[in-house]
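All remarks here apply to the structure that follows.
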Amino acid sequence: MRIATFNVNSIKVRLPLLLGWLKQAAPDVVLLQEIKVETEKFPRTDIEDAGYNLAVVGQKTYNGVAILSKFPMTVELDCLPGSPGGEEQSRYVEAVVDAGAHAVRVASIYLPNGNPVETEKFPYKLGWMERLRAHAATLLRHEEILVLGGDYNCCPTDLDVYDPVGWANDALCRPETRQHFRALCNLGFTDAVRALDPSPHLYTFWDYQAGRWQRDQGLRIDHLLLSPQAADRLMAAGVDKTPRGFDRPSDHTPAWVELAV
DNA sequence: ATGCCCCCGGTTCGGGGA
C-alpha cells in the first residue's frame with residue numbers, strides 16, 4: 001500500500017495537477033492539506049471518478065484537510081481531540097482504511113504555522129502539537145498500523161533547511177517546535193522518509209518567491225510518522241519532486257511511503 | 001533591509017502563507 005501526503009494549496013486551483021498526478025503516481029491513499037474550500041464545495045465527483053473514496057473536512061478560504069482512499073474507509077475523527085473552546089480551524093481528519101487482510105489507520109494533519117513567534121500564533125501552534133502528542137499516545141495503545149501524515153510546519157533538524165541560520169528564529173525551526181516534534185516521535189513513531197534517506201536537500205516545500213525552487217532552497221516540513229506496526233512493514237519512502245515542477249504548482253510536493261500491506 | 005509569489009474574497013487591496 002502506497003500512502004502519500006500532499007499540501008495542495010487550494011484544491012480548486014490544483015485539481016488538474018492533482019488528477020494528473022493521481023493517474024501517474026497511483027497512490028492507494030492520499031492525505032491532502034490546505035484544500036481551502038468548504039466541505040460541500042469540494043470537487044467530489046472528479047476525485048471519485050479517479051477511483052477514490054473521500055473524507056473531507058473543509059472550511060472557507062483557509063486550511064482544510066481530506067483523505068483519498070482506493071479502499072473503503074471509515075471516518076473516525078473530524079478534529080483533533082482536546083481543543084479548549086471547540087475546533088474552529090479544519091486541520092485534522094482521521095480514518096480507518098480497510099485493505100482486506102489489514103486495517104490501516106491514517107490521519108491527515110495540517111499543523112499551524114505559528115508565525116510570527118512573538119504573537120499568540122506561536123503558543124497556539126505549540127498547544128496544538130501538545131494535543132497531537134496526547135492523541136497520538138492514545139492511538140499507539142491500539143497497536144495498529146498507523147500513519148500520521150501531513151504538513152507539520154516543522155523542520156526537525158538543520159539538515160531539513162536550506163539556510164538554518166537564517167531560519168533559526170522562525171516558528172518552523174524554533175527549538176520549542178523541534179522539541180514538540182521530537183516528543184511526538186519519541187512516543188514510538190518513525191519519520192519514514194528520513195529513516196530511509198539521510199541525505200540533505202530532501203525538501204518538500206519551496207517558497208514561490210526568490211527562485212527558491214530553481215535554486216533548490218527548500219524545507220522538509222511534510223512528514224509521514226509511522227507506528228511501530230507500520231514501521232515494521234516499511235518497504236520504501238521518498239519525496240516525489242515532479243509535481244513541484246509542473247505549471248501552476250503547489251509550493252509543496254508529495255512525500256510517500258510504501259507499506260507491505 | 002525588504003520584498004520577491006501565490007491564493008482567497010470580492011475588488012484593484014489586505015490577510016495569510018512559510
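Numbered from 1 within each chain, the chains take letters A, B, ... in sequence-line order. These numbers come from the heavy atoms of this one structure, side chains and all, not from hydrogens, waters or symmetry mates.
Ring geometry for Tyr203(A) versus His201(A): interplanar angle of 30 to 60°, hence tilted. By the 30° and 60° cut-offs, the orientation of the rings of Phe181(A) relative to His223(A) is tilted.
Rounded to whole Å, the separation between the P atoms of dG10(B) and dG16(B) comes to 15 Å. The gap from the C1' atom of dT12(B) to that of dC7(B) amounts to 16 Å, rounded to the nearest Å. dA18(B) and dC5(B) have their C1' atoms separated by 12 Å, given to the nearest Å. The separation of dG3(B) from dG15(B), taken at their P atoms, amounts to 14 Å, rounded to a whole angstrom.
At the heavy-atom level, Asn63(A) lies nowhere under 4.0 Å from the strands shown. Within 4.0 Å (heavy atoms only), Tyr110(A) reaches sugar-phosphate atoms of the nucleic acid but no base atom. In this structure, Asn7(A) reaches the sugar-phosphate backbone alone: every heavy-atom distance under 4.0 Å involves primed, P, OP1 or OP2 atoms, never a base.
For His252(A) and dA18(B), the shortest distance from a side-chain N or O to OP1 or OP2 is below 4.0 Å.
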Pairwise N/O distances under 3.5 Å, protein to nucleotides 8-14 of chain B:
residue : atom : partner  : partner atom : Å
dC8(B)  : OP1  : Ser10(A) : OG           : 2.4

Check: protein-nucleotides 1-3 of chain B nitrogen or oxygen pairs below 3.5 Å:
none

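Across residues 115-129 of chain A, Lys121(A) each have a non-hydrogen atom less than 4.0 Å from an atom of DNA chain B (numbered order).
For Arg44(A), the salt bridge (charged side-chain N to carboxylate O under 4.0 Å, His left out) partners are Glu48(A), not counting sequence neighbours.
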Wobble G-U and Watson-Crick pairs count when both distances are under 3.5 Å; given that, what is the 5' to 3' dot-bracket string of DNA chain B, with | for pairing to other strands? ....(((((...))))).
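Here side chain to side chain donor-acceptor pair (under 3.5 Å) pairs that include residues 161-171 of chain A, with residues two or more places apart or in two chains, are Asn115(A)-Asp170(A), Tyr162(A)-Trp167(A), Tyr162(A)-Arg212(A), Asn169(A)-Arg174(A).
Checked against a 6.0 Å centroid threshold, the rings of Trp21(A) and Phe6(A) count as neighbours.
The cluster map of Ile, Leu, Val, Met, Phe, Trp and Tyr, joined by side-chain heavy atoms under 4.5 Å apart, puts Leu259(A) and Phe71(A) in the same cluster.
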Using side-chain contact (heavy atoms from CB on, under 4.5 Å), reason through Val239(A) and Thr253(A) one step at a time and then give a plain yes or no. CA-CA 7 Å; Val239(A) 175; Thr253(A) 210; 3.5 Å; yes
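Cation-pi contact between Arg91(A) and Tyr110(A): present, with separation from the ring centre below 6.0 Å and deviation from the ring axis of at most 45°.
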